Amino acid sequence: MSKKWLGLILVSALSLSLAGTGSAAEAQGKGKKKETYEWGRVKVVGGGFVPGIIYNPSKKDLIYARTDIGGAYRWDPATKTWIQLLDSVSFEEWNMLGVESLATDPVDPDRLYVAAGTYTNDWTDMNGVLLRSKDQGRTWKRTELPFKLGGNMPGRSMGERLAVDPNNNKVLYLGARSGNGLWRSTDYGETWSRVENFTAVGNYVDDYQDRVGVAWVTFDAQTGSKGKTTQTIYVGVADTNRSIYRSTDGGATWEAVPGQPEQGFLPHHGVLDGQGNLYVTYNEGAGPYNGGRGAVWKLDTKTGAWKDISPTGSTDSPYGGLAVDAQHPDTLMVATMNKWWPDDHIYRSTDGGETWKPFWTLDYAKDPVRENRFTIDYSLSPWLDWGQEKQLPEIAPKLGWMIGDLEIDPFNSDRMMYGTGATLYGSENLTALDKGGTVNISVAAEGIEETAILGLVSPPSGAPLLSAMGDIGGFRHEDLNRAPEMITNPYLGTSTDLDYAEKNPDIVVRVGNADGSAPRMGVSTDNGRTWRPAANAWASGAEDRTSGGYAALGADGSALLWSPQGGTPEAPVPVSYSTDLGATWTPSKGIPAGAHISSDRVNPLKFYGFSGGTFYVSTDGGATFTASAASGLPAKLTSHFKAVPGVEGDIWLGAAKDNSDTVSAYGLWRSTDSGQTFTKVAGVEEAATVGFGKAAPGQDYMAVYSYAKIGGQYGIYRSDNAGASWTRINDDAHQFGSANRTITGDPRVYGRVYVGTNGLGIVQGDPADSRQDTNAPKITLDPVDRSSDKGTAVISGSVNEELRGGTVTLTHNGGAPVSLPTAQGKFKSGPLPLVKGDNEVMVRAVDLAGNTSVRTVKIKYKYRP
């Protein structure tokens, strides 16, 4: 996933002033108490760009992955999943979740270093931070750097910028952006100083008018000895003239490597093979989006001779990923970067780049025209095909795009991993290609959740959760523990908002971004299982760039309100309403264009709006609005204001600090008279989000959740008594960075909360005592005719526990799982159509603790025409 969309929303959504100090507050007001939560993720598996994969060269299976906005991960070989290492990054310091570079110590494998910082522009006020760990990222110490880092800036898959001397591991180098040159530490990264005699800063300027700078550092380990500083060091710089530099005296002096290519390209990666050869992939741009031309070159460091070994023999492809097999140094691999159509290429050589084998070829004289020497198993992330079937020479999913890094396991020549714009892929039979076989590729991103969440709703029936996301649209999460298919028809690359009808949750609407006349809204009448596009609420020509904005459904679905974002000051796109689920639209009166909107969850004719500190109310289905007399509200919102289900006119509105507006009011407000007046909730200093979930036992009012600042401490808070007191339910190890866009409780499970983050996916929290259960639910099926001449069958039965908010799903003949409502533990399907011959129905029960049971029914349909 490109994350390009972030440039459009981060100024308003993520650029916090990062103010606030104080000790942790467990609660505010009456009823202070501690509560322990367990935190996990709603599964999407992947969902973002993986620009770097780093194997430790001296410890088997010690592997790390870095992301551009979603932290860093360590591979767990026992479970074959990735472990997030930066959940502790706080709301104030969200900028640390963009990882510019990562280094694992080859001498002491327990040591790990992360250069953390997302932006070098004015989207953040925070400089970069060098994180140091002696226990593989379980705990950290930090060094503040005097410059910004760019983990989500152009050129982020170049690297690695951070490197540990393989002989004297006290010594580290870090390549900086923004003209800050090359930096060195001689005390395990605790202190840093600029390498003054390294003067190259690069001449390549990115789209944000910043220098990409020093891109990678590579040590020649053979020029040092244990405890003695490595003498020869190579450095790649984003420069279109001279880009490769070398020191042969341990960094004391530097020179441009003689005879280097002068093609105007940038060096993406530089890797030594242990035999005296330096391989370099070149790209016309810094990446990760731009492609263009490029080349692959080989330097014989013994003779100084350079050789062009580009797989195509020309400069027609840009190259990013580069790997050398540590066990077989003549074996190397390179990946193109952003060929875009029909697909990117991966090439493999076993003779030092003299000849290459591609993973696929294209020959228009053949049918089919494309011959693949690989397979892709994407069952772990079924959305990777984008819900599309491609015609050759394209395939879905693609082999990849934005392949900025590709690595071969130094302990296993058959194993590789490579990152794409959407996921991380791997293979365990890489050498099959050398023997004329097929390389089996599969998703290797289990545990990585890198999505950026823009909207979450948890309806009272149907799927427990639906989401709107940046870059990959959104999902209907029928099973929270399994990645779903992507929502399509229409495909909305970035979905900006979604809503459901409170009294009829089968009706769901979502909006998102597109160009030209393409639809910006999808409507479902079956709880998000299937969709159809709605008409745009404005005249959208070929050059139209109006974005999805916000949507709200009336309580019974009879009215639909839309507030798109776009237009011009002279001709803004108005807020509009529809009474036919988006087939036709009429502009609303009395409400500004671009306003935040929401619906009353009881009265189907009542809608609300907010803009510039003024609250608006409609009592005629969104046709007309009137400004209320409420005063003292914030100038703008970080996220949605919301009305409480089941209580007409009960509205909560929150605001948190934003460094683009430092004079607004902040806090949490509540109205009980449909927005005519608001009262500020005592003790809540800031409230980035607000949402509601099932009421606590013995309570009538829904639990209120907020990512807020209370008692000087940002955190995830819950109130069980309508805001009279609050409990902080997260801890310092689980802060999840920027979680200021959306939050919701689950109306069916008390205590369960879903938190939308920017880059860490959908965080799911449950009270710890709800997960102590280790007993799988027992499924009892009612008798059914296993050999039937009827065309349908009904599956019913019971589970031996209430599942405590878990799920029962039914899969019919390998189709998509369908949720079965349970009452007192009993469930029953509708009539299931049978096909001639054998049919299989699988019933799966999952309780809140994640314990799972499966029962299968096989039915033979004796078809009689």
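Bear in mind the structure is a predicted one, so any value in this text is a computation, not a measurement. Numbers here simply count residues along the sequence, with the first being 1.
- Closest non-hydrogen pair, P484 versus K43, comes out as CD-O, 3.6 Å.
- Between the side chain of D766 and the backbone N or O of E38, no donor-acceptor pair lies under 3.5 Å.
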Inset, instruction - Evaluate side-chain contact (heavy atoms from CB on, under 4.5 Å) for M126 paired with M96, printing each intermediate quantity in order. - result: CA-CA 9 Å; M126 186 178 180; M96 289 168 57; 3.5 Å; yes
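- Residue E685 comes nearest to I710 through the heavy atom pair OE2-C, 3.5 Å, listed as atom of the first residue, atom of the second, then distance.
- Note: W123 and Y119 have perpendicular aromatic rings, judged against thresholds of 30 and 60 degrees for the angle between ring planes.
- L112 and Y64 get closest at one heavy-atom pair: CD2-CE2, 3.5 Å.
- For the residue pair S598 / H640, no side-chain donor-acceptor distance below 3.5 Å is found, with atom types taken as modelled.
- Aromatic ring orientation, Y550 versus H596: parallel (interplanar angle below 30°, classes split at 30° and 60°).
- In this structure, R601 is positioned above the aromatic face of Y500, its NZ or CZ under 6.0 Å from the six-membered ring centre and within 45° of the axis.
- Taking 4.5 Å as the limit, every side-chain heavy atom of E93 sits out of range of all side-chain heavy atoms of V129.
- Using a cut-off of 4.0 Å between Lys/Arg side-chain N and Asp/Glu carboxylate O, D76 and R74 are scored as not salt-bridged.
- With ring centers used as reference points, F615 lies under 6.0 Å from F641.
- Side chain of D746 to backbone of G693: no donor-acceptor contact under 3.5 angstrom is found.
- Looking only at side-chain heavy atoms (C-beta outward), T494 and S547 stay at 4.5 Å or farther from each other.
- G632 and A665 get closest at one heavy-atom pair: O-CB, 4.0 Å.
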